[in-house]
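Notes follow once the structure below has been shown.
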Amino acid sequence: LLPLLPPAGCQYDACRALRGSEAGPGWEFYACQPPAANMKEVMQIRVDPPGITCGNPPERFCTLENPYLCSDECDASSPDLSHPPQLMGDRERGGLVTYWQTVTWSRFPEPLLANVTLSWNKSLEVVDDLVVTFEYGRPTSMVLEKSLDKGLSWQPYQYYADDCLEVFGMSPKRVSDLAPTNLTRVICTEQYSRWVGAKEQRAVVFEVRARLAVLAGPKLINMDALWTRMETMKGLRDFFTFTNLRLRLLRPALGGTYVQRDNLLKYFYAISNIDVPARCKCNLHAAQCVLRDATLQCDCDHNTSGQDCQRCSPGFQSRSWKPGSYLPLLKGTANTCEVEESTTNCECNGHSNRCSYIDFINVITCVSCKHNTRGQNCQYCRLGYYRNASVSLQDEDACVECECDAEGSASPHCSEAGLCQCKQGATGRRCDSCLPEYTWRGGVAGCAVKQCDGERLLCQNGGTCEDFQRCVCPESFSGSFCEQKVCLKKTGCLDNTEGSASVMTSQLYLLTLSFSISLAAC
Ligand SMILES: *[C@@H]1O[C@H](CO)[C@@H](O)[C@H](O)[C@H]1NC(C)=O
Ligand SMILES: *[C@@H]1O[C@H](CO)[C@@H](O)[C@H](O)[C@H]1NC(C)=O
Ligand SMILES: *[C@@H]1O[C@H](CO)[C@@H](O)[C@H](O)[C@H]1NC(C)=O
Ligand SMILES: *[C@@H]1O[C@H](CO)[C@@H](O)[C@H](O)[C@H]1NC(C)=O
Ligand SMILES: *[C@@H]1O[C@H](CO)[C@@H](O)[C@H](O)[C@H]1NC(C)=O
Ligand SMILES: [Ca+2]
């Protein structure tokens with residue numbers, strides 16, 4: 001396809017871009033549309049009624065500007081003298097104008113009617129003026145029609161007549177009479193039907209550029225206003241959309257006077273070219289349009305499919321399809337189709353039935369994992385829980401609470417085996433008991449080192465261990481273990497026969513204690 005300069009410049013020309021993020025590179029998606037092209041290259045042309053094309057049988061004709069020299073000939077069997085319909089859409093080379101031509105109006109006063117139907121079997125959005133070039137004069141009346149449904153139904157697009165009121169009962173208008181509010185009104189115009197000479201004015205135009213300029217300003221300098229209106233004004237996008245166009249030719253050029261019955265060989269239609277600057281309508285989900293099996297087809301992105309990207313691809317129908325949006329300006333919104341919630345795509349081990357697709361890192365992940373699970377597939381236990389290896393991952397009780405003792409544990413989380421992380425001196429899976437040399441104090445302290453007990457850290461000389469914290473000694477002894485005799489000036493040392501032996505024992509015991517503490521530290 002011949003690329004054409006669209007009024008859009010190069011906005012909305014990419015559907016995605018690779019962007020870096022904390023989670024690694026990922027895609028970002030944008031609204032996108034294919035470039036515009038001259039769609040005459042791929043149009044199907046049909047003319048009606050049968051036999052309307054000249055040359056079968058061969059016939060003579062003359063022109064309005066040279067009406068007395070009727071020596072021109074149309075002959076369908078001669079390549080040089082034939083004027084078949086495809087010459088309306090060909091590429092002309094070397095300045096040679098080629099055109100389709102109808103039979104002459106020899107059946108006057110019966111009207112000379114012809115339909116030219118252009119089909120693409122694809123919805124297109126027109127981006128610039130449609131121009132139909134007539135050789136030998138423009139029709140005095142015609143209608144441009146369009147279809148949005150491949151020819152099932154038709155609606156008028158614009159009326160053309162040298163006298164709109166007389167021919168169509170409509171008052172004549174120009175596109176310049178239109179305001180943003182009535183831009184999509186179907187008008188009758190006299191601009192392209194009046195006789196000014198066959199060579200001077202050959203074009204019949206459907207003015208798209210001037211309509212767009214009503215919104216975007218002269219020279220389309222404010223395209224942002226146009227994109228915004230496209231989103232917000234009902235019916236605007238559809239107005240520029242069609243799958244087929246039809247020219248209903250109702251009355252040929254007459255040379256500015258009445259029909260002259262004595263020379264009907266100068267009345268006929270001849271079209272040399274039809275320009276259709278348009279882009280494939282892809283609902284802002286494709287940046288390319290390709291010919292596939294002789295039919296135009298959007299090259300859909302955003303996990304959409306269909307000729308116009310008008311539905312979500314299989315497996316991506318978790319929410320309903322939406323066209324992309326031109327807004328917010330510059331990049332638009334892609335409205336990508338999302339991965340479906342189904343057991344094959346969305347695997348959550350029975351702990352959730354909802355998944356979501358994270359565009360940015362291209363990952364499908366379970367959402368709202370229940371039963372104290374977490375993770376992309378709800379395959380891990382939440383912090384504060386651990387996996388019961390004797391039941392399956394799918395079990396509701398697969399994750400068991402750690403129940404770490406708040407006073408004995410350094411953290412509420414436990415290991416995969418369920419072991420809590422104990423503070424010094426604490427022990428047990430839940431850290432809710434103390435090592436032998438420690439005693440439970442509770443609070444922030446948890447387990448505290450024992451100062452005395454009834455087994456190894458014995459109080460001497462009749463002292464008693466109070467609360468594992470200190471020896472309460474008889475009057476005549478002191479020291480941590482009541483191992484020292486108390487000597488006073490007044491009374492002298494209070495004697496005790498077991499004294500020396502007891503001191504020996506406790507010293508021995510202190511040795512044992514430091515030995516066992518250093519063992520515990522290993
Ligand atoms: C042209 O098409 C219209 C329908 O839009 C139809 O009514 C009319 O008969 C056709 N004219 C010719 C000459 O085939
Ligand atoms: C028109 O397009 C549709 C959808 O792509 C395709 O199935 C069909 O065959 C096409 N018809 C013609 C006549 O090319
Ligand atoms: C469109 O609206 C403008 C302003 O409201 C008005 O002046 C103009 O006549 C309207 N045009 C048509 C064709 O109705
Ligand atoms: C669409 O799905 C394919 C996998 O089928 C994936 O590679 C691609 O990135 C997806 N695109 C979007 C826009 O979701
Ligand atoms: C683990 O599961 C087994 C089997 O259901 C159960 O008997 C056991 O009590 C569970 N263990 C815990 C710590 O809940
Ligand atoms: Ca041509």
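Whatever order the structure lists them in is the order used to number ligands and atoms, beginning at 1. Computation of the quantities below employed the complete heavy-atom set of this structure, encompassing side-chain atoms and omitting hydrogens, waters and symmetry-equivalent molecules.
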- Query: Would you call the rings of Y157 and F242 parallel, tilted or perpendicular, where under 30° means parallel and over 60° means perpendicular?
  - Reply: perpendicular
With heavy-atom distances below 4.0 Å as the criterion, list the atoms of ligand 5 near [X].
X: V391; result: 2 (O), 4 (C), 5 (O)
X: Y386; result: 13 (C)
X: S390; result: 1 (C), 2 (O), 3 (C)

- ligand 3 versus N182, non-hydrogen atoms closer than 4.0 Å: side chain, backbone, both, neither?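 It is the side chain that gets close, since no backbone atom is under 4.0 Å.
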Pick out the protein N or O atoms lying less than 3.5 Å from any N or O of ligand 2, and list each pair with its distance.
{"from": "ligand 2", "atom 1": "2 (O)", "to": "N121", "atom 2": "OD1", "distance (Å)": "3.3"}
{"from": "ligand 2", "atom 1": "2 (O)", "to": "N121", "atom 2": "ND2", "distance (Å)": "2.4"}
{"from": "ligand 2", "atom 1": "11 (N)", "to": "N121", "atom 2": "ND2", "distance (Å)": "2.7"}
{"from": "ligand 2", "atom 1": "14 (O)", "to": "N121", "atom 2": "ND2", "distance (Å)": "3.2"}
{"from": "ligand 2", "atom 1": "14 (O)", "to": "T295", "atom 2": "OG1", "distance (Å)": "3.4"}

[X] and [Y]: sulfurs closer than 2.5 Å?
X: C404; Y: C414; result: no
X: C74; Y: C54; result: yes
X: C312; Y: C337; result: yes

- Query: Between N388 and ligand 5, does any nitrogen or oxygen pair lie at a separation below 3.5 Å?
  - Reply: yes
Name each donor-acceptor pair under 3.5 Å that joins a side chain in residues 282-293 to protein atoms two or more places apart or in another chain, with its distance.
{"from": "N283", "atom 1": "ND2", "to": "D308", "atom 2": "O", "distance (Å)": "2.8"}
{"from": "H285", "atom 1": "ND1", "to": "H302", "atom 2": "ND1", "distance (Å)": "2.8"}
{"from": "H285", "atom 1": "ND1", "to": "A334", "atom 2": "O", "distance (Å)": "3.4"}
{"from": "H285", "atom 1": "NE2", "to": "K322", "atom 2": "O", "distance (Å)": "2.8"}

- Taking only heavy atoms of D177, which atoms of ligand 3 are found under 4.0 Å from at least one of them? 1 (C), 8 (C), 10 (C), 11 (N)
- Which ligand 3 atoms does L178 reach within 4.0 Å, using its non-hydrogen atoms?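 Listed by number with element, the hits are 13 (C).
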- Check side chain to side chain donor-acceptor pair (under 3.5 Å) between E401 and all other residues, then give those that pass, not counting sequence neighbours.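 Per chain and number, E401 pairs via side chain to side chain donor-acceptor pair (under 3.5 Å) with no residue.
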- Task: Using the test side chain to side chain contact (heavy atoms under 4.5 Å, CB included), find all partners of V367 that sit at least two apart in sequence or belong to another chain.
- Result: R354, S356
- Message: Is there a polar contact between ligand 3 and T181, counting only N or O atoms under 3.5 Å apart?
- Response: no
- Message: With no hydrogens and no angle check, just 3.5 Å: does a side-chain donor-acceptor pair link Y326 and Q33?
- Response: yes
- Message: Using side chain to side chain contact (heavy atoms under 4.5 Å, CB included), reason through T336 and N303 one step at a time and then give a plain yes or no.
- Response: CA-CA 6 Å; T336 58; N303 282 312; 6.0 Å; no
- Taking everything shown except R374 itself, do over 12 heavy atoms lie less than 6.0 Å from its CZ? yes
